[in-house]
Each structure stands twice: as structure tokens, then as C-alpha cells.
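See structure below.
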Amino acid sequence: MKRKPSKSGFNKLLDVDTTLLSAEPLIGLLELETDTGTIELAMNRTLAEQLLFAVVEFLKAGKGDDAPTFAVERSQ
């Protein structure tokens, strides 16, 4: 099925959900409901951590009213 892109050229994110498929090893689905349909991303612990890191880095870039309202502590 061919999907029609939104006017902006980007999908609009409407909802996010996760489905746990296995706890050991940790495997699940990240489900992104968009204006053009659902995007399912299979993920494991490593990918989930990489996604979390990317989202935190994005949020840290906010300024003014969009400045982060959280602190991040990293352990090495």
C-alpha cells in the first residue's frame, strides 16, 4: 500500500506505544502511530539505549521555553 506523505513532507506523530516481546533477552516493538499509518521498530536493549540517548541530546538543545526541565546523570 502506497502512503501519501503529509503536506510538510514529514509524518505527524500521533501516538507512541511499546510492546514487550521478551524480558530476557530484552526485545520489543516501538510503535509510532502517524498520520500515514503505523511504523513498527523492533528493538533490543542496545537500540533502546541509543534511542534514549538521541532523544536526550535533542531535548538538551532546547532554548527558552523549550529548555530542558530535567537533569541527566551519566555513569561510565
Side-chain angles (χ1 to χ4, degrees):
M1 172 171 77
K2 187 167 179 147
R3 296 181 177 157
K4 181 181 175 184
S6 64
K7 291 179 183 179
S8 68
F10 297 101
N11 291 68
K12 294 179 186 173
L13 186 60
L14 305 174
D15 194 20
V16 178
D17 198 10
T18 58
T19 301
L20 182 64
L21 301 176
S22 170
E24 192 173 327
L26 186 58
I27 299 172
L29 289 175
L30 176 64
E31 300 164 58
L32 307 172
E33 185 66 37
T34 74
D35 57 335
T36 60
T38 302
I39 299 168
E40 293 182 333
L41 175 66
M43 61 182 176
N44 60 15
R45 178 177 169 242
T46 301
L47 180 59
E49 289 176 347
Q50 290 172 341
L51 287 169
L52 182 59
F53 176 77
V55 170
V56 167
E57 291 300 305
F58 171 76
L59 289 172
K60 285 175 28 181
K63 304 291 183 209
D65 289 342
D66 282 334
T69 57
F70 63 91
V72 176
E73 180 179 325
R74 294 186 183 171
S75 61
Q76 297 296 332

Atom pairs and distances, donor-acceptor, side-chain atoms in residues 41-62, under 3.5 Å, two or more places apart:
unit_1	atom_1	unit_2	atom_2	d
Asn44	OD1	Thr46	N	3.2
Asn44	OD1	Leu47	N	2.9
Arg45	NE	Glu49	OE2	3.1
Arg45	NH2	Glu49	OE2	3.1
Glu57	OE2	Lys60	NZ	3.2
Glu57	OE2	Arg74	NH2	2.6

Please tabulate, for the side chains in residues 63-72, all donor-acceptor contacts under 3.5 angstrom to protein atoms that are two or more places apart in sequence or on a different chain.
none

Hey, can you pull the donor-acceptor pairs under 3.5 Å for the side chains in residues 23-33, sequence neighbours left out?
unit_1	atom_1	unit_2	atom_2	d
Glu31	OE2	Thr19	OG1	2.4
Glu33	OE1	Thr38	OG1	2.4

